[in-house]
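Structure record follows, encoded as structure tokens.
Throughout, a chain's letter reflects where its sequence line sits, starting with A, and its residues are numbered from 1. As a basis for the values below, the full set of heavy atoms in this structure was taken, side chains included, without hydrogen atoms, waters or symmetry mates.
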Protein chains: 2
Amino acid sequence: MLREYKASIFQALAHPTRIAIVEVLREGEVSARAIQDRLGIEQANLSQHLAILRSRQIVAHRKEGNQVFYSLRHRVLGKVLDLMRQYFQANLADAAQMLDEVRAERPAR
Amino acid sequence: MLREYKASIFQALAHPTRIAIVEVLREGEVSARAIQDRLGIEQANLSQHLAILRSRQIVAHRKEGNQVFYSLRHRVLGKVLDLMRQYFQANLADAAQMLDEVRAERPAR
DNA sequence: TGCGAATATTCGGATAATCGAATATACTAA
DNA sequence: TTAGTATATTCGATTATCCGAATATTCGCA
């Protein structure tokens, strides 16, 4: 039950684009358009990823006129990302090798 | 690049069974068989999940005779799970509702 | 009113994840 | 060697995720 919840949060973060979104939002409230510009991705694609983050209640959104501003609901998630960075650095050598292997399995995206 | 790595770790944790495995391993080194008994899942299924955790270097394994003992490579991951629990409790009401919704989308597993 | 910008949703195809069943491998002990 | 236990791998079917293209929706402004 708690595990299912945790899994659903991890799953929401299990995509490079969504991690990038969360990292942008750590700076504060940002409009969808601004996120799109900064990440340089398709509008529809961003919107889909935002929908996932919304459905997990990871982000809050607020409409203002034409735009929608997104923000992180809880700074704990930022901390989680920091811990991951720590984890990454502690395993730097292994991690680089692991990434290669993971990529080798499904090449050329 | 760093994001891809983080995403791959999150993805490895994005399953209730694998979270359960990590939680068992927080206690120390445990044999595959013991994990299987505690979780009450199919042998093949456990082995598949362990393979994923291995491929991400989340767990270490050590053969001893007939058995294979698994352990967490890095306790930071335990901390991440703790943060998640914190996060869960801070959002308890919302989280419960969110879980219902997530489950409603793909019912009856 | 009608147009354009910002955002969301739907659709279809491609790829990936998941499971149990079957099978393979490795080791121990008789 | 043979039997039995522990673990891993492969296979095929089912379900989920991902993307871009197309389409909707919502709002502000001329």
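Comparing A:Gln67 and A:Gln48 against DNA chain C, the residue whose closest nucleotide sits nearer the 5' end is A:Gln67. Mapping B:Arg18 and A:Ala34 onto DNA chain C by nearest heavy atom places A:Ala34 closer to the 5' end of the strand.
The listed nucleotides are C:dT7, D:dG20, D:dC18; the one nearest the side chain of A:Glu42 is D:dG20. Comparing C:dC27, D:dG20, D:dT7 by their nearest atom to the side chain of B:Val68 picks out D:dT7. Across D:dC19, D:dA6, C:dT7, the shortest atom-to-atom separation from the side chain of B:Arg33 is found for D:dA6.
No N or O donor and acceptor, one from the side chain of B:Asn66 and one from the base of C:dT28, sit under 3.5 Å apart. A donor and an acceptor atom sit less than 3.5 Å apart, one in the side chain of B:Gln43 and one in the base of D:dA8.
The rotation axes computed at either terminus of the helix from C:dT1-D:dA30 to C:dA30-D:dT1 lie 10° apart, taking five pairs at each end and rounding to 10 degrees.
In this structure, B:Ala32 reaches the sugar-phosphate backbone alone: every heavy-atom distance under 4.0 Å involves primed, P, OP1 or OP2 atoms, never a base. Looking at heavy-atom distances under 4.0 Å, B:His61 makes no contact with the nucleic acid at all. Among the protein residues, A:Gln11 comes within range of the sugar-phosphate backbone only, with heavy atoms under 4.0 Å from sugar or phosphate atoms but none that close to a base.
The backbone N or O of A:Leu72 lies less than 3.5 Å from no partner atom in the side chain of A:Arg26, so there is not a single donor-acceptor pair. Distance alone, capped at 3.5 Å, is enough to place a donor-acceptor pair between the B:Arg18 side chain and the B:Gln11 backbone.
For B:Arg62 and D:dT7, the CZ to C1' distance is 15 Å, given to the nearest whole Å. In this structure, the CG atom of B:Asn45 is 19 Å from the P atom of D:dA13, given to the nearest Å. Atom CG in B:Leu46 sits about 14 Å away from atom P in C:dT18, given to the nearest Å. Between the P atom of D:dT7 and the CD1 atom of B:Ile41 lies a distance of 12 Å, rounded to the nearest Å. As rounded to whole Å, 14 Å separates atom P of C:dC19 from atom CD of B:Gln36. Straight-line distance from the CG atom of B:Leu50 to the C1' atom of D:dT9: 13 Å, rounded to whole Å. Here the P atom of nucleotide C:dA5 and the CG atom of A:Asp37 are 14 Å apart, to the nearest Å. Rounded to an integer number of Å, the gap from B:Ile52 CD1 to D:dT9 C1' is 13 Å.
Looking at every heavy atom in both residues, B:Arg73 comes nearest to B:Gln57 through CD-O, 2.9 Å.
Side chains of B:Phe69 and B:Glu64 form a contact here, defined as non-hydrogen atoms less than 4.5 Å apart. You'll find the side chain of A:Tyr70 stays beyond 4.5 Å of the side chain of A:Ile21, heavy atoms only.
A distance of 10.5 Å separates CG in A:Leu50 from OG1 in A:Thr17, rounded to the nearest 0.5 Å.
Classification of the B:His74-A:Tyr87 ring pair by plane angle, with boundaries at 30° and 60°, yields perpendicular.
Residue B:His49 places none of its side-chain N or O atoms closer than 4.0 Å to OP1 or OP2 of D:dT7. Checking the phosphate oxygens (OP1, OP2) of C:dA6, no side-chain nitrogen or oxygen of A:Tyr70 falls inside 4.0 Å.
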Full working for salt bridge (Lys or Arg N to Asp or Glu O under 4.0 Å) between B:Arg85 and B:Asp82: CA-CA 5 Å; B:Arg85 181 173 301 121; B:Asp82 284 339; 3.2 Å; yes
